[in-house]
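Presented below is the structure to which this report refers.
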Amino acid sequence: QASTFEGIIVTDLMGLIVEINQAGIKLFHGLIHVKSARIFSLIDFSDSYKKHLLPKDRTRGKSLDLFPLLLKRISEKKQSIQLITKTCSSKQPHKPLSCSLNTIHDEDKSPIGAVLVVSDISDRIQYEQGIKETISRLHSVLNHSPTPTGITRHPGNQFVYVNQSWINQSGYERQDILGHTPNSLEQWDNEQVSQSIQSTLEAFGVFDNWPVQFKHASGKSMRCLLSASDYTFNEDRYTIYQWSDQTQNQELRLRLEESNRRFEQIADNIPEIFWIFEPSKGSFTYISPAFETLTGVKRSEIYENLSNLLPLIHPNEQTIVEQALKDIEEGKTTTIQYRIKNRNHGWSWIADKSFPIKGQKGHSIGSAGVATDITSQLQAEESQSLALATMDAMDALVFIFSGNPAKVSYANQRALNFLNISLTELGGSTMANCLEQICMAPSPGLINPSPNEHTISHYRTKLRGSDSKVISVDIG
């Protein structure tokens with residue numbers, strides 16, 4: 001009567017209930033008046049009859065006949081039976097039951113009744129069903145995971161589970177793996193690596209991203225990162241293994257390193273300053289060595305703090321550079337000129353052009369640019385402009401011939417006014433054609449100078465102007 005969780009029922013040989021505790025009454029409450037009930041009207045014994053009775057006895061269809069036979073069989077076997085069954089009510093939903101059935105004997109060891117220990121296992125079945133569903137979902141998740149995953153059980157460390165990714169990437173069939181150990185399959189580098197894996201798991205229970213050589217079913221080795229973790233379930237110890245194939249990543253890394261090496265060889269040996277700016281970091285991620293050659297400032301100072309760049313810019317152009325940096329962050333193309341302080345404490349003119357770098361989705365992920373020192377070019381242009389201005393102010397008629405054959409590339413304003421012709425009309429004429437047009441009595445040696453003759457030191461002739469006025473001139 002003290003048992004509160006299990007119903008304890010005593011019956012006679014024919015199944016009539018003799019005693020029942022309060023837990024039993026509660027278990028069968030509302031089904032029937034238990035004091036006048038037979039046990040087989042409360043509990044379904046049909047499966048027990050099929051399992052424990054002889055075939056010839058099963059033909060007796062009534063439980064009143066079958067129950068005594070069942071007790072006789074239990075007595076003969078000298079052991080109780082355990083069964084999972086259910087209630088027999090037609091009025092209420094069936095309850096799943098766990099039942100232990102044993103016999104009571106008289107002095108002659110003949111069965112005279114039975115003792116049943118019965119419990120409602122509805123919650124347990126619901127819990128087990130929930131566990132099954134959880135395991136099923138977990139199995140589905142693991143099986144669809146892109147990461148190869150395998151589980152081994154100890155002792156023995158045999159595989160009890162591998163997911164589909166393990167099968168696909170290792171080349172093995174599932175039946176070739178299950179029941180075998182990683183060592184027997186020689187899946188890691190060698191015996192020493194396997195021992196290191198086991199000793200680490202025994203000491204720490206986990207490790208992450210160990211670089212190992214994984215043996216493919218074809219025999220080839222794959223570079224992998226291996227992780228493993230021990231866990232215990234129902235006093236059984238398991239190990240979960242996961243690995244990722246890094247073979248292709250390794251090849252890509254080597255190709256990337258080679259590409260970067262070639263890029264740096266080119267960028268480090270050109271006189272222009274090549275740079276890369278990443279808006280997400282708000283800084284330059286690469287500046288070629290030509291920057292240090294020009295300015296004498298360490299590139300690391302600009303990498304560490306972008307504001308170190310502005311003091312190098314001439315005050316008159318700092319606003320231009322600041323605006324260009326904002327445009328670069330917005331992924332725009334920029335073209336600017338500015339002065340920067342050089343290592344000699346002077347100012348060098350820079351022509352700087354940038355263009356956005358697009359990612360896979362077409363979004364700007366940065367900008368690259370080329371900065372060229374154009375100081376000498378501007379000085380040459382200034383000198384040329386000064387020389388041309390000087391020639392335009394001269395009273396002499398000045399023509400400049402260049403190239404081979406020599407063609408008119410310049411005539412000063414005095415000459416163009418005298419001939420009443422534009423430089424466009426005159427330009428492109430060879431020296432010979434030009435002199436044929438403007439000289440009255442040209443010398444064959446002058447009109448057709450020898451190929452090696454680049455300078456005519458002095459020659460006197462006559463020129464006819466647009467008004468047919470003829471003047472004597474010295475050609476030098």
Side-chain angles (χ1 to χ4, degrees), residues 134-233 236-267 285-286 357-361 365:
T134 300
I135 292 174
S136 177
R137 286 194 294 267
L138 179 60
H139 183 275
S140 179
V141 169
L142 288 176
N143 212 41
H144 289 84
S145 170
T147 303
T149 303
I151 301 176
T152 62
R153 181 166 52 203
H154 300 270
N157 200 33
Q158 291 99 349
F159 280 105
V160 294
Y161 172 81
V162 288
N163 69 349
Q164 192 60 42
S165 292
W166 190 300
I167 301 301
N168 294 341
Q169 297 186 39
S170 70
Y172 287 90
E173 296 294 334
R174 185 170 273 104
Q175 63 268 21
D176 297 331
I177 300 177
L178 298 182
H180 296 273
T181 67
N183 287 353
S184 66
L185 295 172
E186 299 180 350
Q187 294 202 317
W188 315 137
D189 291 13
N190 49 52
E191 183 64 25
Q192 185 177 1
V193 172
S194 298
Q195 291 176 356
S196 297
I197 290 173
Q198 294 307 314
S199 60
T200 301
L201 287 173
E202 289 174 3
F204 304 103
V206 64
F207 64 82
D208 290 319
N209 294 329
W210 273 20
V212 299
Q213 296 282 347
F214 185 90
K215 186 177 179 182
H216 191 271
S218 63
K220 71 177 183 179
S221 292
M222 301 186 296
R223 297 176 182 269
C224 297
L225 293 178
L226 176 68
S227 299
S229 176
D230 274 353
Y231 76 99
T232 301
F233 181 73
D236 291 327
R237 178 184 162 218
Y238 298 86
T239 299
I240 301 177
Y241 293 96
Q242 289 188 318
W243 53 270
S244 59
D245 185 4
Q246 300 293 306
T247 306
Q248 187 176 13
N249 291 345
Q250 176 74 0
E251 294 173 354
L252 290 174
R253 185 180 65 81
L254 294 175
R255 288 202 296 267
L256 181 61
E257 289 178 353
E258 176 64 17
S259 177
N260 288 340
R261 185 183 64 81
R262 292 179 181 177
F263 164 77
E264 290 179 357
Q265 283 181 338
I266 295 172
T285 54
Y286 179 79
I357 302 172
K358 302 292 185 180
Q360 291 183 349
K361 297 182 179 180
I365 59 174

> Counting distance only, does the side-chain N/O of Ser140 pair as donor-acceptor with the main-chain N or O of Ser136 below 3.5 Å?
Replying inline: no

> Would you find a donor on one side and an acceptor on the other, under 3.5 Å apart, between the side chain of Asn143 and the backbone of Gln164?
Replying inline: yes

> Under 3.5 Å, is there a donor-acceptor pair between the side chain of Asn168 and the main chain of Pro148?
Replying inline: no

> Any side-chain donor-acceptor pair under 3.5 Å between Asn183 and Ser194?
Replying inline: yes

> Judged by atom type as modelled, is there a donor-acceptor pair below 3.5 Å linking the side chain of Thr149 to the main-chain atoms of Asn163?
Replying inline: no

> Hey, what's the ring geometry for Trp243 with Phe214, parallel, tilted or perpendicular (30° and 60° as the breaks)?
Replying inline: parallel

>> When you measure from the side chain of Arg174 to the backbone of Val162, do you find a donor-acceptor pair of N or O atoms at a distance under 3.5 Å?
In response: yes

> How long is the gap from NE2 on His180 to CD on Gln175, to the nearest 0.5 Å?
Replying inline: 9.5 Å

> How are the rings of Tyr238 and Tyr231 set to each other: parallel, tilted or perpendicular (split at 30° and 60°)?
Replying inline: parallel

>> Looking at Asn209, is its backbone amide N or carbonyl O close enough to the side chain of Ser227 to form a donor-acceptor pair, meaning the two atoms are under 3.5 Å apart?
In response: yes

>> Do the side chains of Asp236 and Arg153 get close enough for a salt bridge, i.e. N-O under 4.0 angstrom?
In response: no

>> Can you confirm whether the side chains of Asn157 and Thr181 place a donor and an acceptor under 3.5 Å from each other?
In response: no

>> A side-chain contact here means heavy atoms from C-beta on lying under 4.5 Å apart; do Ser229 and Thr239 qualify?
In response: no

